[in-house]
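Below: one structure, written as structure tokens.
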Amino acid sequence: MRVRFAPSPTGALHIGGARTALYNWLLARGQAYGPEGKPGTLVLRIEDTDRERSTPENVEQILDALRWLNLGWDEGPVFQSERSERHREVLAQVLESGHAYHSAANAEDVQAYKERHGFERGFRGREEDAGAVRLRVPDEGETIFDDVIRGQIRFANASIDDFVIARADGSVLYVFANLVDDLDAGITDVVRGEDHISNTPKQLLVLDALGIAAPRYAHLPLLYGPDGRKLSKRHGAASVQELRAAGYLPEAVDNYIALLGAGFAADEEFFGLEELARRFRLERVSKNPAVFDERKLRHLNGRWIRELGTDELTRRLEEFTGRAGLHDAVGISEEKIQTLTEFWPLVGFLFDGPANDPRAFQKVICSNGGVECLKAARDALARAEPFTVENVESALREVVEDRGTKPAKVFQPVRVAIAGTTVSPGIFESVALLGRAETLARIDRALEHAG
RNA sequence: GCCCCCAUGGUCUAGCGGUUAGGACGCCUGCCUUUCACGCAGGAGAUCACCGGUUCGAAUCCGGUUGGGGGUACCA
């Protein structure tokens, strides 16, 4: 089996494209678990023939996104722009066999033709000496194919235009270039977005003209934003690098995107790439479009964060934040974050000093005996020896005991004194990690500030 | 307009002729508890878009309607 992912570098890789890439990857990789017993080949092709919109930066962004998602390819990247000679060669072939012809007809001519013949009628042109190249579409019959996901799809030939396959200068158009490249790459299974369904009969017609058998086709449902409309910038993180910047792990993105459009099991949804490949069945991909829901991605991301383990998570967080020496801070906070972005706001106080939250200070320290509790806590912590999590805990719990109060009455003032806010990792762990000197200094500063 | 695709709680899905329509996210309640989370235990939420047909029996099969989406370029 040979599959391909053929993005156009006209922008960043969006999650819809990422999912197409993922499904192709899963299909190829999953062959190893099927009757073939060995993985298929994934070819990466960059369809950069749109000179105005394609840029090298976009190409690099796409490759970068695929690498980040761990979706490696086996061949390529092949650049479509470098294959124009071959495109012209095949074009000459269909011209010579009479399956295609030159025509000077333009959009207006096509429109006029339809007004005359009815809009369900495909345009039929007359052969001329020059002009764009159009494929001769038969009036009779149907072009039919079996979509792996959707079943049989049929188009009446009469309703298909004699479509343009090349400009007057001989440069070919998308439907044609795309087909020729798939052919030369020996692609056996074309897995692409639903927006290509209406291209399929056209490519099938070209294939007929060439006398070559068609590959299998599978058209994936599209992805939408929360408002049910096509995904775009206004929906927040729509591109892969935006998801990365938002603190999502590639494992979670792969996992979530795989789920968007297919059920992999009746009762479990937490899967890594390899397990997804093992379970992936193209024919079971759902037919209806899915809405991208960042809340579920967040949930999976949280699970993956906890799955990684402290050492690996530390590596990711050090790269993400650009700070070093984070291991201990990760250890006491990993259970509390859903995305990498949430890490620093939670533990930054350990490195950069307490945050400034006057409301928390006022509420927790300056009222209900907060100052007294804080003083007592300070004295107890001054005596804790050695300054371990266990000893910090028993010291603070003794204060609670002595004063006959609720734990939070003591813990919260300490928390606000060292972190500046009411939200932080566990208080004993935080205090122990900060160390005695720094903890006492911060408590003193808070007491001073409270007057 | 024309061609094509699609339709299960708010969202993603399981289901493939007989189920109290299952799970996940989110939401609500309780437990845990040191804040926030995690975890655990419960709960609310679906006339399976609508109308016909086939059948003893339909979310499941067929037709139509409505709604949504894609295409309709000498873009990709």
Side-chain angles (χ1 to χ4, degrees), chain A residues 6-10 47-54 80 103-107 110 114 118-122 131-134 147 149-150 153-156 158-161 163-169 171-175 177-178 193-202 219 221-222 224 226 228-230 256 259-270 284 286-300 302-303 306 333-338 342 346 360 364 393 396-397 400 406-412 414-416 419 421-430:
Chain A
S8 241
T10 53
E47 307 217 316
D48 56 347
T49 44
D50 185 336
R51 289 292 157 73
E52 267 97 78
R53 297 189 297 158
S54 299
Q80 189 161 66
S103 164
N106 56 28
V110 172
K114 297 205 172 197
F119 282 84
E120 72 291 348
R121 275 289 311 173
V133 180
R134 289 179 182 271
D147 189 283
I149 295 168
R150 290 155 209 281
I153 297 179
R154 43 209 314 167
F155 292 82
S159 72
I160 301 173
D161 289 336
F163 55 99
V164 177
I165 57 178
R167 304 177 180 88
D169 66 6
S171 61
V172 304
L173 265 50
Y174 170 76
V175 269
N178 177 271
E194 188 184 30
D195 47 337
H196 290 285
I197 287 182
S198 50
N199 282 149
T200 307
K202 297 180 181 177
H219 291 93
L222 265 21
Y224 298 123
R229 310 197 49 154
K230 213 172 173 178
Y256 177 65
L259 258 28
L260 262 191
F264 285 77
D267 53 0
E268 176 61 286
E269 302 196 321
F270 187 65
R284 305 210 12 121
S286 87
K287 293 193 261 287
N288 43 323
V291 173
F292 178 77
D293 180 14
E294 197 168 337
R295 290 175 304 184
K296 186 155 182 178
L297 207 210
R298 282 180 59 78
H299 169 259
L300 286 170
R303 287 193 65 173
R306 272 161 253 128
S333 63
E334 58 191 342
E335 297 238 305
K336 298 175 185 300
I337 59 175
Q338 301 266 80
E342 291 164 15
L346 195 61
V364 176
E393 172 161 8
L396 289 177
R397 287 204 187 278
V400 172
K406 291 164 82 171
K409 282 284 180 200
V410 175
F411 302 160
Q412 280 301 78
V414 173
R415 189 188 308 281
V416 171
T421 72
T422 55
V423 179
S424 83
I427 190 64
F428 317 126
E429 290 81 357
S430 297

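Protein chains get the first letters and strands the later ones, always in sequence-line order, with residue 1 at the start of each.
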Pairing partner (Watson-Crick or G-U wobble, both distances under 3.5 angstrom) of [N]:
{"N": "B/A7", "answer": "B/U66"}
{"N": "B/A58", "answer": "none"}
{"N": "B/U33", "answer": "none"}
{"N": "B/C2", "answer": "B/G71"}
{"N": "B/A44", "answer": "none"}

- Task: Give me the one residue out of A/N178, A/V164, A/I165 that meets side chain to side chain contact (heavy atoms under 4.5 Å, CB included) with A/L173.
- Result: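 In the set A/N178, A/V164, A/I165, the residue that makes a side chain to side chain contact (heavy atoms under 4.5 Å, CB included) with A/L173 is A/V164.
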- For the side chain to side chain contact (heavy atoms under 4.5 Å, CB included) test, which of A/L222, A/D147, A/I149, A/N288 pairs with A/E194?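 The single option meeting the side chain to side chain contact (heavy atoms under 4.5 Å, CB included) with A/E194 is A/L222.
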- Residue met sooner reading RNA chain B from 5', once A/R397 and A/E268 are mapped to nucleotides: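 Looking at the nearest nucleotide for each, A/E268 comes out on the 5' side.
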- Would you kindly compare A/R303 and A/R415 by the position of their nearest RNA chain B nucleotide and give the one closer to the 5′ end?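 Closest to the 5' end, via its nearest nucleotide, is A/R415.
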So what does [X] touch, heavy atoms closer than 4.0 Å: a base, only the sugar-phosphate, or nothing?
{"X": "A/I427", "answer": "base"}
{"X": "A/G193", "answer": "nothing"}
{"X": "A/D147", "answer": "nothing"}
{"X": "A/S171", "answer": "nothing"}
{"X": "A/A107", "answer": "nothing"}
{"X": "A/H196", "answer": "base"}
{"X": "A/A360", "answer": "nothing"}
{"X": "A/E120", "answer": "sugar-phosphate"}
{"X": "A/L300", "answer": "nothing"}
{"X": "A/F264", "answer": "nothing"}
{"X": "A/R306", "answer": "sugar-phosphate"}
{"X": "A/S333", "answer": "nothing"}
{"X": "A/T10", "answer": "nothing"}

In whole Å, I'd like the distance from the [atom1] atom of [X] to the [atom2] atom of [N].
{"X": "A/D195", "N": "B/C6", "atom1": "CG", "atom2": "C1'", "value": "14 Å"}
{"X": "A/R298", "N": "B/C38", "atom1": "CZ", "atom2": "C1'", "value": "14 Å"}
{"X": "A/I149", "N": "B/A7", "atom1": "CD1", "atom2": "P", "value": "12 Å"}
{"X": "A/K202", "N": "B/C75", "atom1": "NZ", "atom2": "C1'", "value": "12 Å"}
{"X": "A/E194", "N": "B/A7", "atom1": "CD", "atom2": "C1'", "value": "12 Å"}
{"X": "A/F270", "N": "B/A24", "atom1": "CZ", "atom2": "C1'", "value": "13 Å"}
{"X": "A/E294", "N": "B/A24", "atom1": "CD", "atom2": "P", "value": "22 Å"}
{"X": "A/K287", "N": "B/U8", "atom1": "NZ", "atom2": "C1'", "value": "13 Å"}

Can you tell whether the side chains of [X] and [Y] come within less than 4.0 Å, N to carboxylate O?
{"X": "A/D293", "Y": "A/K296", "value": "no"}
{"X": "A/R298", "Y": "A/E342", "value": "yes"}
{"X": "A/K114", "Y": "A/D161", "value": "yes"}

Options [options], nucleotide nearest the side-chain atoms of [X]:
{"X": "A/R295", "options": "B/U35, B/C4, B/G10", "value": "B/G10"}
{"X": "A/K296", "options": "B/C74, B/C12, B/G70", "value": "B/C12"}
{"X": "A/A132", "options": "B/C4, B/C74, B/U34", "value": "B/C74"}
{"X": "A/R150", "options": "B/G23, B/C6, B/U34", "value": "B/C6"}
{"X": "A/P289", "options": "B/C6, B/U34, B/C74", "value": "B/C6"}
{"X": "A/V164", "options": "B/C74, B/U34, B/A14", "value": "B/C74"}
{"X": "A/L222", "options": "B/U35, B/U11, B/G69", "value": "B/G69"}
{"X": "A/F119", "options": "B/U11, B/C75, B/C2", "value": "B/C2"}
{"X": "A/R167", "options": "B/C75, B/U34, B/G71", "value": "B/C75"}
{"X": "A/R284", "options": "B/C12, B/C74, B/A14", "value": "B/A14"}

Can you tell me how far [atom1] in [N] sits from the matching atom in [M], rounded to whole Å?
{"N": "B/A7", "M": "B/A46", "atom1": "C1'", "answer": "14 Å"}
{"N": "B/A59", "M": "B/C32", "atom1": "C1'", "answer": "40 Å"}
{"N": "B/C62", "M": "B/G68", "atom1": "P", "answer": "24 Å"}
{"N": "B/G10", "M": "B/A44", "atom1": "P", "answer": "16 Å"}
{"N": "B/U29", "M": "B/U11", "atom1": "C1'", "answer": "22 Å"}
{"N": "B/U13", "M": "B/C48", "atom1": "C1'", "answer": "13 Å"}
{"N": "B/C38", "M": "B/A24", "atom1": "P", "answer": "15 Å"}
{"N": "B/G52", "M": "B/A58", "atom1": "C1'", "answer": "13 Å"}

Heavy-atom side-chain contact between [X] and [Y] under 4.5 Å:
{"X": "A/E429", "Y": "A/S424", "value": "no"}
{"X": "A/Q412", "Y": "A/T422", "value": "yes"}
{"X": "A/K202", "Y": "A/Y174", "value": "no"}

- Determine: side-chain N/O of A/N288 to OP1/OP2 of B/U8, distance under 4.0 Å, yes or no.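 Indeed, a polar side-chain atom of A/N288 lies that close.
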- Message: Can you tell me if A/S286 touches the phosphate of B/U13, counting only side-chain N or O atoms and a distance under 4.0 Å to OP1 or OP2?
- Response: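 A/S286 to B/U13 OP1/OP2: side-chain N or O found under 4.0 Å.
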- Any donor-acceptor N/O pair, A/S54 side chain to A/D50 backbone, under 3.5 Å: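 Checked: pair present.
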- Whether A/R415 side chain and A/P425 backbone form a donor-acceptor pair below 3.5 Å: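 Flag set: sc A/R415 to bb A/P425 pair under 3.5 Å.
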- Does A/K336 make a side-chain donor-acceptor contact with the base of B/C38, cut-off 3.5 Å?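 Not at all, since no donor on one side and acceptor on the other fall under 3.5 Å apart.
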- Item | Base of B/C75 paired with side chain of A/R53 (donor-acceptor, under 3.5 Å) |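 Between B/C75 and A/R53, which were checked side chain against base, a qualifying N/O pair under 3.5 Å is present.
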